[in-house]
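Comments concern the structure below.
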Amino acid sequence: MKPLTFAARSLRREFRHAELATLALALVLAVAALTGVATLASRVEHALLASAAELIGGDLSIGASRTLPQKLVDEATQRELKTSRLADFPSVVFAGEASRLADVRASDDAFPLRGVLAVRDAAGAEREVHAPPPGSVYVEPAVLSALALKIGAKIQVGGRDLVVAGEITRSPDSGNLLRLAPRVMMSLADAEAIGLLGAGSRARHRLLVAGDEAAVADYARAIKPQLPDGAEIVTIAEAQQNLSSAFERGGNFLRLAALLAALLSGIAIALAAQRFARRKREEVALLRCLGASRAEILGALLLELGLLALPACLLGVVVGLGLQQLVFAFAGDLLPGARPAIPWQPSLAAFAVGVAVLFGFALPPLLRLRDVEPMRVFRRDDARRAGRFDALYLLPVVVAAGLIAVGAGDTQLALTLSLGFAGVAAASFVLGLLLLRLVSGGGKLLPGALRFGLANLARRRALTLLQAGALALSLTAFAVLAVVGPSLLASWRAELPADTPNYFLINLQDEQRTPMQDRIAALGATNINMLPLAVGKLVAINGKTPKAEDYNDRRAASWINGETRMSWSQDLPPSNKLLQGRWFAANATDDTGAQVSVDKMWIDMFHLKLGDSLTLRVGEREIVATIASIRGVRWDSFRANFFLMLDARTGSELAHSTIASFHLPRDVSLASLSRDFANVSLIDLNQILDRVREIIGRVSRAVISVLGFSLAAGLLVLLAALAATADERRFESALLRTLGAHSAQLSAAVLGEFAALGLVAGSIAAIGSAAIGYALATRVFRFESYTPPFASLLAVVFAAAALVAIAGWLATRRIARTPPIAVLREG
Amino acid sequence: MTKNDEIVIRADKVSKSVDGPDGRLTILDDVGFTLARGDSLAIVGASGSGKTTLLGLLAGLDRPSSGEIMLAGERLDTLDEEARARLRRRRVGFVFQNFHLLPALNAEENVMLPLELEGSTDARTRAGEALARVGLAARKHHYPAQLSGGEQQRVALARAFVHAPEILFADEPTGNLDRRTGTAIGDLLFALNREHGTTLVLVTHDTVLAERCARRLALDGGRIVDAAAA
Ligand SMILES: Nc1ncnc2c1ncn2[C@@H]1O[C@H](COP(=O)(O)OP(=O)(O)O)[C@@H](O)[C@H]1O
Ligand SMILES: [Mg+2]
C-alpha cells in the first residue's frame with residue numbers, strides 16, 4: 001500500500017467530518033496566534049530600539065573620560081558605519097552679569113546620527129539641524145530664560161563669546177534623568193580650540209555609532225578588547241529602562257494570550273483526535289484483516305494528519321502575518337523612523353510549534369490504534385482495558401509544558417501558567433471523581449432515563465474525567481482571556497493615569513521646597529511629590545572594592561565607575577514594592593546603624609542579599625549601610641525612583657538637594673519658573689511619557705486582537721468537547737428511545753447532566769482563573785493593586801453551565817431527530 | 001468433488017476460551033477438520049455457537065487457546081501478527097455481514113485496496129474489471145453511503161476476488177440483505193468462486209446457501225455436532 005495515496009484519498013472525504021475540520025481550524029488558530037504575536041513582538045521591539053536609538057542619538061555609544069582613540073572610528077568606518085564624536089561637560093555660562101550652570105554638549109557635525117535635533121530661530125521658524133557651526137551655540141529655553149537672553153544674542157562659554165543661533169525644541173536624549181542642568185550645544189571644534197576638553201576637564205567623551213544592526217553588533221564585539229580603561233559601551237537596549245520595562249510587560253501580555261490560544265488549540269486537537277481515532281477503529285481493524293501491516297496503517301494515519309497540518313499551519317502563518325500587519329499598520333504609524341521588516345523566524349517557529357502541538361496532542365489516541373485487533377471486524381467491541389496506564393498520555397503534558405517554557409519567555413509567567421493549569425486539572429479530576437461517586441451512590445433514587453445516562457457516565461469513567469478536565473481547562477483559559485485579561489489590561493493602563501508626573505524639577509534646595517510647591521500648585525500642578533536626592537559613589541560591597549569585570553551584567557560598570565543617586569523617606573514610596581526584609585522602623589535609635597533598601601535589579605546585578613553592607617561616599621562622608629530590605633521598583637511609573645533608599649536618619653545628614661515630580665497640563669508655560677528659580681532644572685518628560693503610553697496603547701490593541709483569536713480557539717474547544725460527549729450519547733439515547741423513552745424525558749436528563757457538568761467545570765474555572773489572574777498581576781506584571789473581577793467570574797460560572805447545557809442539548813436534539821434505527825444500524 | 005488433494009486448511013484440536021466477567025468461558029472446544037484446495041465448506045449453527053470465532057481463528061485474525069491451525073501451507077502458531085497479516089494479504093479474501101467498505105473511499109478505491117496492499121501497479125485497471133464483473137462499472141466513483149446494501153456487498157465481493165486469493169472467508173454475507181438480494185449475492189459469490197477456483201469457507205445460517213457448499217460443519221456450543229459432505 002502506498003500510505004501517501006491512501007492518506008490523501010481518505011482525507012479528501014473525511015475532511016467533511018467535524019473532527020478533522022476542528023483539528024485543522026484549531027491548528028490554524030494556534031499557528032496564527034503564535035505567528036502574529038511573535039512577529040509583532042519582534043517588530044515592535046525593533047521599532048522601540050530604533051526609537052531608543054533616537055533618544056541617545058545613535059545605535060551604540062562608547063563613553064570614556066578621555067578622547068576616544070581614532071582607531072575606534074576607523075574600525076567603524078571600515079564597516080560602513082556612521083560615527084559622531086561628542087563630549088558632555090558641565091560649565092557655567094555667562095551673559096553679562098547673569099550666569100547659569102549648563103550641561104554643555106560639544107559635538108561634530110554628524111550629530112545626531114539617529115533622531116532629531118530641532119531648533120527655533122529668531123523668526124520663530126523651527127527646523128531640523130545638526131550640531132551648530134563654529135562660533136555659535138544652540139541652547140535650551142531654560143538657558144534663555146535664566147540669562148534673560150534672546151536668540152541672536154551672545155553667550156560666554158569658557159570665556160569665549162558665541163552667538164545663540166537657536167533655541168533647542170527637540171533633541172535626542174531629552175528626558176534623560178541623569179542630566180542636572182539645561183543644555184547648551186556647541187561645535188566640537190570650538191570646544192577643543194577653547195581648551196574645554198584638555199587634561200583635568202570633567203568632560204565625558206562619547207563616540208556614537210549607527211548603521212546596519214548586524215554590523216553594529218559585530219562592531220561592538222570587535223572593539224571590546226580594544227577599549228581604553230574605564231570606557232564602556234552602552235547599547236540602546238540598555239539605554240532606556242522605562243521604555244524597555246514598559247515593553248516587557250506588553251510582551252508578557254501578548255505571549256500570555258498567544259500561549260493560551262495554543263494550549264486551547266491543543267485541547268481541541270486532543271479531543272478531535274480522540275474522536276477521529278474512535279471512528280477509525282473499524283477501518284484499522286479491516287485493514288489489518290486485509291493484511292496491512294501496523295507500520296503501513298500508522299504511516300497512513302500520520303500522513304493523513306500531516307497532509308491536513310501542512311496547509312493548516314501555512315494558512316495559520318499567513319493569517320498570523322496578516323493579523324500583525326493589520327495591528328502594525330493600525331498602531332505602527334505612531335512609531336517614528338523606519339518600519340522594521342517582517343522577520344521570518346517567528347513564522348518558522350510558530351509553524352514548528354503548530355506541528356508539535358498537533359502531533360503532541362493527537363498522537364496518543366492514534367498510536368493506540370496499533371492495538372486494535374483484527375477480530376474487531378466481526379464484533380463491535382468497546383471493552384477497553386480500563387485503568388491501564390499509558391505513558392503515551394504524558395506526551396501532551398510534556399508538549400504543553402514545553403510550549404509554556406518556550407513560549408512564556410519569562411520564568412514567572414511560565415510558572416504561574418503551569419501551576420495554574422495543573423491545579424485546575426487536578427481539581428477537576430478530584431471533583432469529577434466525587435461527582436461520579438455521588439452519581440453511583442444516589443443514582444438509584446433517580447428516574448429511569450436519567451439513571452441510565454448517569455450510569456453511562458460512571459461506566460465511561462476515564463472518558464468522563466477526561467471530558468470534565470478538558471471542559472474545566474478550556475473554561476479556565478476562556479475566563480482568563482475573556483474576563484481576567486481585560487481586567488489586567490485595565491490595571492496596566494491605570495498605572496499611568498492622566499495625572500502621571502510629566503515634569504521633574506531637580507537641584508531644588510531645602511529652603512526652596514515650600515515656595516516651589518506653592519508656585520507649581522498655583523500653576524495647576526497635581527500629584528506633586530518631593531524626595532531628597534544625594535549623589536554619591538559606591539565604594540565597597542561588604543568592605544571590598546567592586547570591580548566591573550567581576551560581574552556579568554555590563555551595566556554594573558556604569559555604577560562602579562560613575563555616580564549613584566540615592567534618596568530616603570519615612571514611608572515606602574509609591575510604585576515601590578517590598579520584596580524581602582522590612583521597611584525602616586520610624587523610631588530608629590542611635591545604635592541602629594545606617595540601613596539601605598536596594599532595588600531588585602541591583603541585588604541581581606551585584607549578587608547582593610539581605611544583611612550585606614554597601615559603603616557609599618557622599619561628598620566628604622562615607623557611610624556603611626546594611627541592606628535591610630529589597631524592593632521591586634516600577635521604573636515605568638514616571639515617579640522619581642531610586643535603586644538605593646537610605647533610612648531617613650542617615651539620609652538627612654547627607655549633603656543633598658530635592659527632586660520633585662508633578663503633573664501639569666502641557667500648555668502651561670513654565671518659562672517663569674526657570675527665571676525665578678535659576679538654580680533649578682526642569683526636565684520635560686512629556687515626550688518619553690508619550691512613547692510609553694503609545695506602547696501601552698499599541699500593545700493593548702494588539703493584545704485585544706490576539707485575545708479575540710484565543711477566544712475563538714476556546715470556543716472551538718468547548719464545541720469539540722461537547723461534540724465528543726454528544727457522540728458518545730448517540731447510541732444510548734437512540735436505544736432509550738427505541739425502548740420507549742419520551743424525547744422530553746431524554747431532553748430533561750441531558751439538560752440536567754450537562755448543566756451539572758458545566759457548573760462543576762465553570763466553578764473550577766472561575767476559581768482557577770481568579771487565582772491565575774492574581775498570580776499574574778502580582779508576580780508577572782507587578783501591578784500596584786489588582787482585584788480579580790469576582791462578579792464577572794461568577795457570571796462565567798453560570799454562563800458556562802448554561803452554555804454547556806444548551807450546547808449539549810442541541811447536540812443531542814439533532815440525534816433525537818434521526819430515527820433511532822439509523823443510529824443503531826450504524827454499529 | 002476434490003480436484004486436488006492438497007490440504008489448504010487444517011484445524012487440529014482447536015479450542016478457544018476467554019476470561020469473562022463470570023469466569024472462564026469456552027467458546028470453541030476441540031474443533032478439528034481439513035479442507036482441500038478448491039473445496040467449499042459451510043459452517044452452520046445457532047447464533048452464539050462459535051461460528052465467527054472459528055472463522056477468525058482460521059483466518060489468523062486471532063490465536064487459539066490450544067490446538068494448531070494450518071493455513072495455505074503455513075502453521076499459524078509459528079507466525080507473528082505481522083507475518084499472518086502478510087499471509088492474508090496475498091492469499092486470503094474476506095466478505096462480511098455488514099460489508100465493511102471504507103466510507104472515505106469510493107467503490108473503485110475500495111476494490112483497489114487489496115491490490116495496493118500487494119503493491120500491484122495496475123490496481124485501477126484490475127479494480128475496474130472486477131467492478132464490471134459484479135455489474136457496477138457505472139458506479140465506480142460512488143461512495144458506500146451512495147450505494148444500496150446489495151450494491152455494497154457486490155463491491156465487497158469485487159474487493160474479495162480482485163487479487164485472486166486462494167481462500168475466501170465469508171461471514172454471513174447475506175445476513176443483512178433481503179431474500180431476493182441475498183439470493184443474487186449468493187449466486188454471484190458461487191459464480192466467482194467457480195471462476196477463480198477459490199477455496200471457500202462460508203459461515204451462514206441460511207440453509208439454502210449452506211447447501212450450495214460441498215461440505216458442511218455444524219457447531220453447537222463450540223463443538224462440532226455434525227460434519228457431512230453434501
Ligand atoms: N472476545 C470475547 N469475549 C467474550 N465472549 C466472546 C468473545 N468472542 C466471542 N464471545 C462469545 O462466544 C460465543 C460465540 O460467539 P461467535 O463466534 O460470535 O458466535 P456466532 O458467530 O456463532 O454467532 C458468543 O456467546 C459470544 O458472546
Ligand atoms: Mg457470527
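Note on naming: letters A, B, ... go to the chains in the order of the sequence lines (proteins, then strands), and numbering restarts at 1 for each one.
Heavy atoms of B:Glu81 lying under 4.5 Å from chain A belong to its backbone as well as its side chain. Of the atoms belonging to B:Arg84, not a single heavy atom falls under 4.5 Å from chain A.
Looking only at side-chain heavy atoms (C-beta outward), B:Leu55 and A:Phe378 come within less than 4.5 Å of each other. Side-chain contact between A:Leu286 and B:Leu101 is absent, with no heavy atoms from C-beta onward closer than 4.5 Å. A:Arg9 places none of its side-chain heavy atoms less than 4.5 Å from the side chain of B:Leu102.
Between chain B and the residues A:Ser293, A:Cys289, A:Pro374, the largest count of heavy-atom pairs under 4.5 Å involves A:Cys289.
Using a distance-only test at 3.5 Å, with no hydrogens or angles considered, a donor-acceptor pair links the side chain of B:His100 to the main chain of A:Val377.
Closest heavy-atom contact between B:Gly56 and A:Met375: CA-SD, 3.6 Å.
Heavy atoms of other residues, nucleotides or ligands lying less than 6.0 angstrom from NE2 of B:His205 number 12 at most. Atom CZ of B:Arg10 has 12 or fewer heavy atoms from other residues, nucleotides or ligands within 6.0 Å. At most 12 heavy atoms of other shown residues, nucleotides or ligands fall within 6.0 angstrom of atom CZ in B:Arg180.
The line from CD of B:Glu116 to CG of A:Leu290 is 12.0 Å long, rounded to the nearest 0.5 Å. How far CZ of A:Arg288 is from CD of B:Glu82: 5.0 Å, rounded to the nearest 0.5 Å.
Annotation: residues 61-78 of chain B contacts chain A through B:Leu61, B:Asp62 [non-hydrogen atoms, separation under 4.5 Å].
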